[in-house]
Each structure stands twice: as structure tokens, then as C-alpha cells.
Amino acid sequence: MHDVTIGQISFTERLGVTIEEVKIGAPVPRKTEITIPFRNSTVDMDDILGTKTYDDRTITVKFWKRCTSLKEVHESMTDTERWLLNINTKCPFTDSMDVAAGDKARVGLYIYNAYVSSLDFSESTEKVMKCTATLKADPYKTYFSATTNRTEEVI
């Protein structure tokens, strides 16, 4: 069963929802260019310093819950808001499907430091609570190997 966790708490267990889709965006490389007076063009500080900087990545999680009435739909929305929007700092986020693809020797999960920046309930109906949660995450993710109990930071 597909599940995601934030801060070690499961979406499916805590909210009783079904995960429909998880999209984990790639970080966008940032260019730090400066203009120097009396010089043509700009200078890329990343090239000079030999480093690369990135903007945060965006994660979207679509999930839903079947309800018996419109009142239960609204109660589920309130519970979801209360739980997810109350997390003020970045917490570990994992997706059970986000494993090291194609590498049978590496068994483990990627961990992202993220927080929920917005919730969208616009697709909800009278009997189904549908939500799209948008999370803001650090550009780097941590790979946790279940076989060696080691972690490494990767892009």
C-alpha cells in the first residue's frame, strides 16, 4: 500500500486517506550572477567559488477519503488542516514508493526535509474529501540504506 509520512506520522494511518499521487520535483540550479562596474557582462559566483546552489524542491501529494456525508467531508478537511498546517518547521518526509530505482543492491528510502506550505480541497465533493498538499522541501535529500544503516546526502 502506498503511504507517505511527515515527521514519522503516516498519512494513511493518521488521516485515514488513500494516496492517489505523489510528485517530487527536482531542485532548480540557481545562478548567482553579479554585475561589476566598468566590466562587460556578469560574473557567475558559482563558477568562481566552484560550488553549485539550488532552490528548494516542491513536493505535491494528492490524497482522498470517502465519507458518508458533507459534514464528515468538512470534519476531514478540518482535521487535515489542523494536523498538516500545524507543522511549523521542516520535518522528515518519506514516500514508500520513492526507493533507489533500478539498483537492487541499494534498498532504502529517500528522506526529504519538508513542511506543508498549502492545502487545496477544491476537488472535494459531498461524499469524498480530496486534497492536494504542496510541500516545500530542501534541495538535498538523504538516502537511508536499510541494509547498512547508513545515510548519505544526494541531489
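What's counted below: heavy atoms across the whole structure, side chains too, no hydrogens, waters or symmetry copies.
Connectivity analysis of hydrophobic side chains (ILVMFWY, heavy atoms under 4.5 Å, direct or indirect) links Val28 to nothing; its cluster partners are none. In the hydrophobic clustering, where aliphatic and aromatic side chains (Ile, Leu, Val, Met, Phe, Trp, Tyr) are joined below 4.5 Å either directly or transitively, Val128 groups with Trp64.
Judged purely by atom type and a 3.5 angstrom limit, Ser124 uses its side chain to pair as donor or acceptor with the backbone of Lys130.
Here the side chains of Leu119 and Thr80 are in contact, with some heavy-atom distance below 4.5 Å. A heavy-atom distance below 4.5 Å is not found between the side chains of Thr5 and Glu13. In this structure, Val43 and Glu33 have side chains that are not in contact, with every pair of non-hydrogen atoms separated by 4.5 Å or more. Val4 is not listed as a side-chain neighbour of Thr94, based on a closest heavy-atom distance of 4.5 Å or more. Considering only heavy atoms from C-beta on, Thr18 stays 4.5 Å or farther from Phe11 through its side chain. Looking at heavy atoms from C-beta onward, Val61 lies in side-chain contact with Leu135 at the 4.5 angstrom threshold. No side-chain heavy atom of Lys62 sits less than 4.5 Å from a side-chain heavy atom of Cys131. Put simply, the side chain of Tyr140 does not reach to within 4.5 Å of the side chain of Thr142, judged on heavy atoms.
Separating the OH atom in Tyr143 from the CD1 atom in Ile111 is a distance of 10.5 Å, to the nearest 0.5 Å. Atom CG of residue Leu84 and atom CG of residue Leu15 lie 6.0 Å apart, to the nearest 0.5 angstrom. Here Glu126 contributes atom CD and His74 contributes atom NE2; the two are 9.0 Å apart, rounded to the nearest 0.5 Å.
Using a 4.0 Å cut-off between a side-chain N of Lys or Arg and a carboxylate O of Asp or Glu, Asp138 and Arg57 do not qualify as a salt bridge. Look at Arg14 and Asp79 and you find a salt bridge, because one of the NZ, NE, NH1 or NH2 atoms lies within 4.0 Å of a carboxylate O, short of that distance.
Asp3 and Ser10 share a side-chain donor-acceptor pair at under 3.5 Å. Side-chain N/O atoms of Asp98 and Tyr112 include a donor and acceptor closer than 3.5 Å.
Every residue was checked against the ring pair (Phe, Tyr, Trp, His ring centres under 6.0 Å) condition with Phe93, not counting sequence neighbours, and none meets it. Scanning for salt bridge (charged side-chain N to carboxylate O under 4.0 Å, His left out) contacts around Arg30 gives Asp55, with sequence neighbours left out. When the side chain to side chain contact (heavy atoms under 4.5 Å, CB included) test is applied to Pro139, the partners found at least two apart in sequence or on another chain are Pro27, Tyr54, Asp56. The side chain to side chain contact (heavy atoms under 4.5 Å, CB included) search around Thr51 returns Asp46, Leu49, not counting sequence neighbours.
A cation-pi arrangement is absent between Lys90 and Tyr115 under the rule of less than 6.0 angstrom and at most 45 degrees off the ring axis.
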Can you check side chain to side chain contact (heavy atoms under 4.5 Å, CB included) on Thr134 and Val116, steps first, answer last?
CA-CA 6 Å; Thr134 304; Val116 176; over 6 Å; no

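Counting non-hydrogen atoms of neighbouring residues, nucleotides and ligands closer than 6.0 angstrom, the CD atom of Gln8 reaches no more than 12 such neighbours.
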